[in-house]
S.K.: 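The following block contains the structure, expressed as structure tokens.
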Amino acid sequence: MTMSTTTLLGLLKQQKYEFFSGVPCSNFADLFQQVSLDGDITSVPAASEGSALAFAVGAALAGRRSVVALQNSGLGNIVNPLTSLVQVNCIPTLLLISVRGHTDEPEDEPQHRIMGASTHALLDQLAIPWSEFDGTPQGFMATLLRAEEAFQRSISFAILVRKGQLSASLGVVVNGEQQLEGYSLSVGCALEIISEALRPTDLVVSTTGFISRELFRLSDRPENFYMQGSLGHCSAVAAGVALAHPSRRVVALDGDGAVLMHMGVLSTIGYASPRNFLHIVLDNEGYVSTGGQETTSVTSSLEAVAVACGYRAVSRCVTSAELGEAVARSLSTEGPHFLLCKVNQSHSRSLPRVTSRHTPEENKEAFQIALNQPRAFHLKAAPAGVAR
Ligand SMILES: Cc1ncc(C[n+]2csc(CCOP(=O)(O)OP(=O)(O)O)c2C)c(N)n1
Ligand SMILES: [Mg+2]
């Protein structure tokens with residue numbers, strides 16, 4: 001059964017939920033959009049699910065009833081504050097969880113498989129009562145009353161929502177031709193310029209979502225490691241490769257939402273200072289892969305953070321010429337480099353999934369071979385002292 005997001009929100013408001021935080025999932029695209037436009041609800045776009053829960057706890061301490069919305073992949077980010085804050089201090093919260101990779105959806109992407117099969121058991125293990133959303137207003141109301149009973153006993157409650165159970169009313173498009181006014185470069189154009197400027201031997205680790213899919217569409221090569229889950233960890237993986245293999249240049253292709261989710265890694269990279277590392281952030285000021293919800297990069301200067309964290313060279317690019325020059329410059333000087341590229345939110349209409357050609361394991365194996373036995377490219381001489 002399908003219920004409209006408007007109905008869901010109306011029932012939540014009726015039960016006096018007035019504070020909302022979370023990290024989006026494409027299944028909740030319409031919900032996040034509606035909440036952000038709703039004058040009765042205070043909404044906080046959190047950088048990670050853990051901090052969304054902490055915001056909700058703060059609101060609860062101040063006497064406001066809150067909802068935290070997340071994809072089940074974000075359960076991994078939430079377990080610590082859930083167990084050591086919410087449960088220990090008896091500050092119950094309503095969790096609205098989008099379940100990806102459910103056992104009866106085997107066609108969902110592989111990164112959701114294990115969490116999809118574990119979500120219910122994990123909640124049981126954590127002693128969080130849950131209910132599956134049945135897509136009817138009566139069923140949802142009954143669930144909210146069950147949640148109420150749990151709250152009386154200072155226990156949190158989770159509602160599990162499946163793909164397609166909430167119908168959109170605002171027409172948010174996920175993976176359509178979203179064309180937003182603003183920056184001239186699209187992710188696709190930026191990736192073409194970057195691919196052009198990189199050496200064939202450069203290793204690339206790309207972040208979760210459309211950026212990996214766009215890279216796969218434009219330039220699939222064994223030197224690319226496409227991250228498909230683990231949002232926010234692409235730069236640490238890339239920097240790990242760079243530190244372990246100082247003779248190869250490694251590029252992290254990151255997104256703004258991903259960087260914000262685990263921003264502490266910038267400090268670690270500045271500290272570890274891999275000279276052969278280039279960190280590129282394609283900043284479209286949104287979680288575009290899940291419907292274009294605004295990220296807080298709109299009001300943050302990520303390049304200033306990178307400077308403060310000790311990256312050796314930092315650039316901000318808006319035009320294709322600036323981007324081409326910055327990538328080329330990073331070839332001739334020592335890193336770690338940070339390159340923030342402002343891009344718009346448009347993508348090609350249908351982005352292929354990496355898994356249409358490679359399983360994650362095949363991708364890993366091809367990448368390892370490319371890393372350890374570089375293909376024979378015709379290499380130009382590198383300037384002295386610069387890693388190849
Ligand atoms: C822990 C976790 N939370 C949420 C998601 C859902 N998700 C997948 S891609 C994505 C958006 C990432 O935004 P950004 O890094 O800015 O890249 P963009 O989509 O804008 O290219 C989100 C929220 C996820 N995969 N993992
Ligand atoms: Mg983004």
Side-chain angles (χ1 to χ4, degrees), residues 21-29 31-33 45-53 68-82 95-101 108-116 119 163 172-176 178 180 182-183 185-191 205-217 226-235 252-263 265 279-298 300 302 340-348 351 353-354:
S21 191
V23 176
C25 170
S26 51
N27 295 349
F28 287 156
L31 176 66
F32 274 76
Q33 180 91 344
S48 87
E49 291 81 359
S51 57
L53 185 59
V68 176
L70 62 146
Q71 182 178 89
N72 56 341
S73 59
L75 266 179
N77 286 336
I78 219 171
V79 167
N80 177 32
L82 192 57
L95 304 174
L96 209 52
I97 305 178
S98 155
V99 181
R100 299 287 308 264
D108 206 345
E109 286 293 286
Q111 68 270 25
H112 296 297
R113 188 170 43 86
I114 293 170
M115 186 53 97
T119 299
K163 187 175 178 181
V172 182
V173 186
V174 181
N175 198 9
Q178 301 169 28
L180 229 83
Y183 302 107
L185 280 173
S186 64
V187 168
C189 290
L191 287 178
V205 180
S206 57
T207 184
T208 317
F210 287 1
I211 290 175
S212 271
R213 290 170 65 181
E214 194 77 74
L215 177 69
F216 170 69
R217 180 179 77 84
Y226 307 99
M227 300 253 310
Q228 291 168 65
S230 221
L231 188 64
H233 292 301
C234 147
S235 60
L253 271 183
D254 224 339
D256 49 309
V259 169
L260 289 162
M261 185 166 273
H262 296 298
M263 202 152 72
V265 74
H279 193 169
I280 301 178
V281 180
L282 299 176
D283 180 4
N284 49 21
E285 300 178 351
Y287 297 109
V288 171
S289 306
T290 53
Q293 303 83 3
E294 197 171 72
T295 65
T296 54
S297 83
V298 181
S300 300
L302 294 175
L340 184 87
C341 180
K342 287 285 187 181
V343 288
N344 61 43
Q345 299 199 349
S346 64
H347 278 280
S348 65
L351 281 177
R353 290 192 181 274
V354 175

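Ligands are counted one by one from 1 in listed order, and the atoms in each one are counted from 1 as well.
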S.K.: What residues, two or more places apart in sequence or in another chain, satisfy salt bridge (charged side-chain N to carboxylate O under 4.0 Å, His left out) together with Asp256?
M.R.: none
S.K.: Without hydrogens or angle criteria, can the side chains of His112 and Asn72 be said to hold a donor-acceptor pair below 3.5 Å?
M.R.: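 The answer is no; no qualifying pair exists.
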S.K.: For the residue pair Val259 and Ser235, establish whether any side-chain heavy-atom pair is separated by less than 4.5 Å.
M.R.: no
S.K.: Are any non-hydrogen side-chain atoms of Arg217 and Ser348 less than 4.5 angstrom apart?
M.R.: yes
S.K.: With Glu109, which residues qualify under salt bridge (charged side-chain N to carboxylate O under 4.0 Å, His left out), at least two apart?
M.R.: Arg353
S.K.: Is any protein N, O or S atom closer than 2.8 Å to the Mg ion (ligand 2), and if so, which?
M.R.: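 Within the sphere that stays under 2.8 Å of the Mg ion (ligand 2), the protein atoms of type N, O or S are Asp256 OD1, Asn284 OD1, Gly286 O.
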S.K.: Taking C-beta and beyond as the side chain, do Leu95 and Leu53 meet within less than 4.5 Å on heavy atoms?
M.R.: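 Heavy-atom side-chain distance check passes, below 4.5 Å.
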S.K.: Let's go through Ser48 and Asn77 carefully: what are the C-alpha distance in whole Å and the side-chain angles of both, what is the deciding distance for side chain to side chain donor-acceptor pair (under 3.5 Å) to 0.1 Å, and is it a yes or a no?
M.R.: CA-CA 7 Å; Ser48 87; Asn77 286 336; 5.1 Å; no
S.K.: Find the distance between CG (Leu75) and CD (Glu49) and round it off to the nearest 0.5 Å.
M.R.: 8.5 Å
S.K.: Could you pull out every N or O of ligand 1 that sits under 3.5 Å from a protein N or O, with the distance for each pair?
M.R.:
residue	atom	partner	partner atom	Å
ligand 1	3 (N)	Glu49	OE2	2.6
ligand 1	15 (O)	Gly257	N	3.4
ligand 1	15 (O)	Ala258	N	2.9
ligand 1	16 (O)	Asp256	N	3.4
ligand 1	16 (O)	Asp256	OD1	2.8
ligand 1	16 (O)	Gly257	N	2.8
ligand 1	16 (O)	Gly286	O	3.0
ligand 1	19 (O)	Val288	N	3.3
ligand 1	19 (O)	Ser289	N	2.8
ligand 1	19 (O)	Ser289	OG	2.5
ligand 1	20 (O)	Asn284	OD1	3.1
ligand 1	20 (O)	Asn284	ND2	3.0
ligand 1	20 (O)	Gly286	O	2.8
ligand 1	20 (O)	Val288	N	3.0
ligand 1	25 (N)	Gln71	OE1	3.4
ligand 1	26 (N)	Ser73	OG	3.1

S.K.: Is the Phe216 ring parallel, tilted or perpendicular to the Tyr226 ring (thresholds 30°, 60°)?
M.R.: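 Ring orientation, 0 to 90° scale: perpendicular.
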